[in-house]
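Shown next, in structure tokens, is the structure this report addresses.
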Number of protein chains: 2
Amino acid sequence: MRPDDPLLKLPGYLLRRASAATLAELNGRLAKLGIRHTDAAFLILVAGQPGLTQSEACRIFEMQRANMVPLVARLERRGVVERHRVDGRSQGLVLTVTGAALHQRARRIVERYEAELLRRVPAKWRALVLPILTALWRPAR
Amino acid sequence: MRPDDPLLKLPGYLLRRASAATLAELNGRLAKLGIRHTDAAFLILVAGQPGLTQSEACRIFEMQRANMVPLVARLERRGVVERHRVDGRSQGLVLTVTGAALHQRARRIVERYEAELLRRVPAKWRALVLPILTALWRPAR
DNA sequence: TATTGTTATACTCTATAACTATA
DNA sequence: TATAGTTATAGAGTATAACAATA
């Protein structure tokens, strides 16, 4: 019963609204772990590629190096991640035992969330969700 | 040539990345008007429903009333929107002549942007973009 | 009592510029 | 010269609590 929104026919607008709404949902579920979606993505990345550097993580997430600093610092303070110098200037990131446990719990929540998202789409279209989102993000050409 | 991202199979993650990337693109294009995507959506809404109140706009955008205040104040200071008391506590929003002109220019940019987004998706899937995004956002049930 | 607009405030995310120390 | 990590800073966007005026 929401008032009429004239923007609902615009894919970019819908993309933003859908992203914002579903992220808020995910953040709500991750709150019980004391983390947010950003942390969850970071945990999944580092768990899958232990030893990758901050700069590499920044390139993957397309975020500024400067913004990675407080993220890593917070998770390090929490005993979730460790930094190991590999290079004098680079430092490889690895999850601690605590971090691995947190990662498992976060992954469970994320996977349930992702599965639910997908189930919102009628079955006959479900296979197109990833290709369409990928195309919107980065057209093939 | 971006490093491998293990999260690319997750619809919610893709939704966020696609939304962030395309919004940055839109903001870049709107910069020449001195506005951002939020302002553009506001202009389009008020142009289509002149006289609607701040609270109504907040419900449509699902944003907090408190956050509407600086948005309207800024656009009012700029001579783009006017507030007319309708009620003693409510105030109807209308675009000024300047605001209508700005709205036209913003709409042009938005429409071109939206059309380009859609064209990124292979033609055979294009009709499914809106239904799929809508379903992800608010499942029918 | 509920609603509208408002103030104050805080947190997350993002962006830029500039610095250091390494490569 | 270019890269990795860092500091400082600023701007968006969002969230909550509380208040005055009005319905």
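Residue numbers begin at 1 in each chain, while the letters A, B, ... track the order of the sequences. Hydrogens, waters and symmetry mates play no part in the numbers below; they use all other heavy atoms, side chains included. These numbers were taken from a predicted model, which means no experiment stands behind them.
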Query - Arg89(B) (side chain) and dT4(C) (base): donor-acceptor pair under 3.5 Å - result: no
Requested in this report: Indicate, with a heavy-atom threshold strictly under 4.0 Å, whether Ala66(A) touches base, sugar-phosphate, or nothing.
Outcome: base
Query raised in the report: Heavy-atom distance under 4.5 Å between the side chains of Leu45(A) and Gln49(A), does that happen here?
Result: yes
Query raised in the report: Under a 4.0 Å N-O cut-off, is there an ion pair linking Glu62(A) with Arg17(B)?
Result: yes
Query raised in the report: Can a salt bridge be assigned to the pair Arg120(B) and Glu116(B) using a cut-off of 4.0 Å between side-chain N and carboxylate O?
Result: no
Requested in this report: Mind running a 4.0 Å heavy-atom check of residues 37-47 of chain B against DNA chain D and sending the residues that fall below it, in number order?
Outcome: His37(B), Thr38(B)
Report task. Map Gln64(B) and Gly92(A) onto DNA chain D by nearest heavy atom, then report which one ends up closer to the 5' terminus. Result -> Gly92(A)
Query - Student check: side-chain heavy atoms of Gln64(A) and Cys58(A) closer than 4.5 Å - result: no
Query - Asp87(A) (side chain) and dA23(C) (base): donor-acceptor pair under 3.5 Å - result: no
Query raised in the report: Counting any heavy atom closer than 4.0 Å, what does Arg83(B) reach on the DNA or RNA strands: base, sugar-phosphate only, or nothing?
Result: sugar-phosphate
Query raised in the report: For Gln54(A), which contact category applies under a 4.0 Å heavy-atom criterion: base, sugar-phosphate, or nothing?
Result: sugar-phosphate
Report task. Could you state the atom-to-atom distance from CZ of Arg17(B) to C1' of dT14(C) in whole Å? Result -> 13 Å
**Report entry** Below 4.0 Å: OP1/OP2 of dG5(D) and any side-chain N or O of Ser55(A)
**Finding:** yes
Report summary line: Comparing nearest nucleotides in DNA chain D, the 5'-proximal residue of the pair Thr53(A), Pro70(B) is Thr53(A)
Query raised in the report: Arg16(A) side chain: which of dT6(D), dT14(D), dA15(C) is closest?
Result: dT14(D)
Query raised in the report: Is the shortest heavy-atom distance from the side chain of Phe42(B) to the side chain of Ile35(B) under 4.5 Å?
Result: no
Query raised in the report: Is Ala20(B) touching bases, backbone alone, or none of the nucleic acid, heavy atoms closer than 4.0 Å?
Result: nothing
Requested in this report: Verify the contact: side-chain N or O of Arg65(A) to OP1 or OP2 of dA17(C), cut-off strictly under 4.0 Å; return yes or no.
Outcome: no
